[in-house]
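One structure below.
In this text the structure is predicted, and so the values were computed from the model without any measurement.
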Amino acid sequence: MSDIQAQFSVLKQTADPVVVEAIAQLIANGHDRDLNRINALDFANRTGLDQEKVISGFLHASRLGLFDMSWNVLCPGCGGVLGAHATLKSLKHDDYNCALCAAGYEASVDEMVEVAFTVSPRVRRIGAHDPDTLPIWEYVRQMFWSSGVDINDESFSHLINEVTLEALELPAGEKAILSLNLPSQFIIVFEPVTHSAHFLNVQGEPTSERQQLSIMFNKLEAPTGTTVMRPGPLRLMLENQSDNRVLPSVWIADHALHEMIGKRKPILTAKRMLSNQTFRDVFKADNLNVDQRLKITSLTFLFTDLKGSTALYERVGDLNAFDLVRAHFRALLEIIAAEKGAVVKTIGDAVMATFVRPEHAITAGLRMRAAMDDLNKQRGANDLVLKIGIHEGPCLAVMLNERQDYFGQTVNIAARVQSLSTAQEIHITGPVLDAPAVAEVLERRAIKPIQKQAALRGIADKMVVYEIP
């Protein structure tokens with residue numbers, strides 16, 4: 001048995017066998033571009049497999065060395081990859097700039113960072129492992145744009161044949177001269193390797209005189225700029241002062257270009273990955289550096305705690321109480337994972353968990369409450385009382401005590417809201433209730449939240465909270 005076969009045998013023991021078989025078929029039969037920056041959500045949709053099982057499968061496969069995982073900072077405008085990182089630890093604090101969109105962005109892990117998977121070169125070698133050898137259009141398609149841009153052969157052919165006036169490969173240290181006839185449109189001279197762009201604002205009366213423009217590509221990346229020109233002939237001089245080849249092309253920035261890059265499909269975001277239980281379990285050492293502070297604009301927190309656990313220990317004895325608390329933890333952790341959440345930490349009898357969407361958190365909370373009722377019925381007692389609080393908002397992803405954690409007022413409020421519960425109620429905040437999908441969950445169960453004002457410890461003003469009775 002080869003090493004790769006042995007790894008797949010191990011993978012079948014840790015991941016869903018159907019997912020493992022689908023991954024094996026992809027490696028064996030997929031085109032090169034299918035194995036570069038694999039979009040796990042798109043793969044799940046195309047194969048009809050469960051997303052969570054697919055994500056788990058690719059994570060376990062990456063841990064075994066079958067795939068390389070990348071964290072790619074995306075431009076929200078064009079979907080281009082502004083920075084590709086092997087680990088989240090190398091994500092920069094400063095802004096990322098997109099020359100094509102002439103805009104800068106501060107990376108947040110909500111929608112701007114995708115997690116993608118590329119087959120390991122020792123499993124199967126593909127063109128993307130040697131990007132300098134990729135043909136110009138395959139480089140643009142595979143290396144510049146993210147897995148979230150919905151590019152098909154038809155739309156990409158349109159880019160090549162109708163949007164592009166000229167394109168070439170320019171080796172290191174060489175020069176080229178292009179003779180173009182500029183239409184009365186907005187033109188972009190774009191170079192994907194150095195991620196640089198120069199804009200030509202072509203306007204006014206046509207001219208028969210040859211205009212001239214020089215553009216240099218270097219290690220510093222050519223700055224984005226705009227030159228006003230007239231319709232007519234242009235002598236475009238290009239010089240590559242970098243150590244690698246560059247791939248400049250001249251595009252017409254018309255509706256066809258915007259339509260192609262505007263078609264998007266869901267991606268596996270870093271936020272979702274950080275709230276994935278498999279990732280937190282399998283890649284504990286590969287999360288963040290101690291000094292990193294990654295902004296998340298919206299994340300849902302769920303806090304639980306057992307009411308009166310000290311009295312429970314006194315009443316039933318340490319051994320019985322310990323078994324009960326373990327059973328309670330087991331039920332909660334299974335529910336959190338099933339509802340696409342992840343456990344951040346447990347403190348005593350309390351649990352802190354995160355969810356990408358608030359409807360998953362409220363569903364988990366309702367299931368937790370029902371699970372505690374079942375445990376109480378099995379014992380013929382009602383002393384397992386679970387306090388639950390849910391809040392949604394911005395936060396920072398950080399490392400605390402060698403564990404990926406979260407920091408900010410949103411976390412504080414979620415913990416305080418949990419403390420309001422006294423007898424199996426769930427308390428949620430306005431941002432959670434305002435989510436349309438949460439309203440649907442409560443309506444299906446004929447649950448009417450009770451609005452109340454609450455003073456939360458450490459929070460200056462009273463807050464409006466909602467009790468789920």
Side-chain angles (χ1 to χ4, degrees), residues 1-72 84 86-88 114-130 138 141-143 145-153 264-284 286 333-342 356 360:
M1 180 183 292
S2 69
D3 289 344
I4 295 172
Q5 288 175 321
Q7 287 173 310
F8 268 103
S9 296
V10 174
L11 184 59
K12 287 181 179 178
Q13 298 172 23
T14 55
D16 184 272
V18 178
V19 171
V20 175
E21 182 58 32
I23 290 174
Q25 289 298 319
L26 175 66
I27 292 174
N29 304 319
H31 295 294
D32 270 19
R33 74 165 70 106
D34 297 330
L35 293 164
N36 179 50
R37 290 182 182 163
I38 299 165
N39 181 331
L41 303 189
D42 186 52
F43 180 80
N45 293 338
R46 287 187 287 105
T47 55
L49 297 170
D50 177 77
Q51 286 187 359
E52 294 303 311
K53 291 180 179 179
V54 166
I55 294 170
S56 179
F58 275 105
L59 284 171
H60 283 293
S62 297
R63 176 52 90 191
L64 289 170
L66 296 170
F67 291 92
D68 296 322
M69 188 163 55
S70 61
W71 304 75
N72 306 320
T87 72
L88 193 56
E114 72 166 0
V115 184
F117 302 88
T118 298
V119 68
S120 170
R122 65 182 189 77
V123 175
R124 175 177 158 182
R125 193 148 197 94
I126 59 174
H129 292 141
D130 303 293
E138 282 302 313
R141 185 169 182 171
Q142 292 189 44
M143 305 307 297
W145 271 307
S146 74
S147 68
V149 179
D150 193 2
I151 299 175
N152 56 40
D153 290 341
R264 304 294 172 86
K265 49 191 174 185
I267 60 171
L268 176 57
T269 62
K271 178 172 80 169
R272 181 165 179 179
M273 186 62 87
L274 291 176
S275 290
N276 179 276
Q277 194 64 56
T278 302
F279 175 74
R280 293 188 67 97
D281 292 342
V282 175
F283 287 87
K284 292 178 181 177
D286 296 336
L333 301 191
E334 287 176 359
I335 291 169
I336 291 167
E339 296 301 332
K340 303 178 182 179
V356 173
H360 297 152

Sorted by chain and number, sequence neighbours left out, side-chain hydrogen bond (donor to acceptor under 3.5 Å, both in side chains) with D150 holds for none
Residue set satisfying side-chain hydrogen bond (donor to acceptor under 3.5 Å, both in side chains) with S70, at least two apart, ordered chain then number -> N72
Contacts of R33 meeting salt bridge (charged side-chain N to carboxylate O under 4.0 Å, His left out) (sequence neighbours excluded), chain-then-number -> E138, D153
Across all chains, not counting sequence neighbours, the side chain to side chain contact (heavy atoms under 4.5 Å, CB included) partners of N39 are L41, D42, S147, K265, I267
Sorted by chain and residue number, the side-chain hydrogen bond (donor to acceptor under 3.5 Å, both in side chains) partners of T118 (sequence neighbours excluded) come out as N36
Shortest non-hydrogen pair, A40 vs L268, comes out as CB-CD2, 4.2 Å
Residue set satisfying salt bridge (charged side-chain N to carboxylate O under 4.0 Å, His left out) with D32, at least two apart, ordered chain then number -> R124
Can you give each donor-acceptor pair under 3.5 Å made by side-chain atoms of residues 10-19, sequence neighbours left out, with the distance rounded to 0.1 Å?
| unit_1 | atom_1 | unit_2 | atom_2 | d |
| --- | --- | --- | --- | --- |
| T14 | OG1 | L11 | O | 3.2 |
| D16 | OD1 | V18 | N | 3.0 |
| D16 | OD1 | V19 | N | 3.2 |

Across all chains, not counting sequence neighbours, the side chain to side chain contact (heavy atoms under 4.5 Å, CB included) partners of D50 are E52, K53
Taken in chain and number order and not counting sequence neighbours, the residues that satisfy side chain to side chain contact (heavy atoms under 4.5 Å, CB included) with A44 are Q51, V54
R37 meets the salt bridge (charged side-chain N to carboxylate O under 4.0 Å, His left out) criterion, sequence neighbours left out, with none
Sorted by chain and residue number, the side-chain hydrogen bond (donor to acceptor under 3.5 Å, both in side chains) partners of E21 (sequence neighbours excluded) come out as Q25
The complete set of ring-ring contact (aromatic ring centres under 6.0 Å, His included) pairs with one or both residues in residues 18-44, sequence neighbours excluded, reads F43-F58
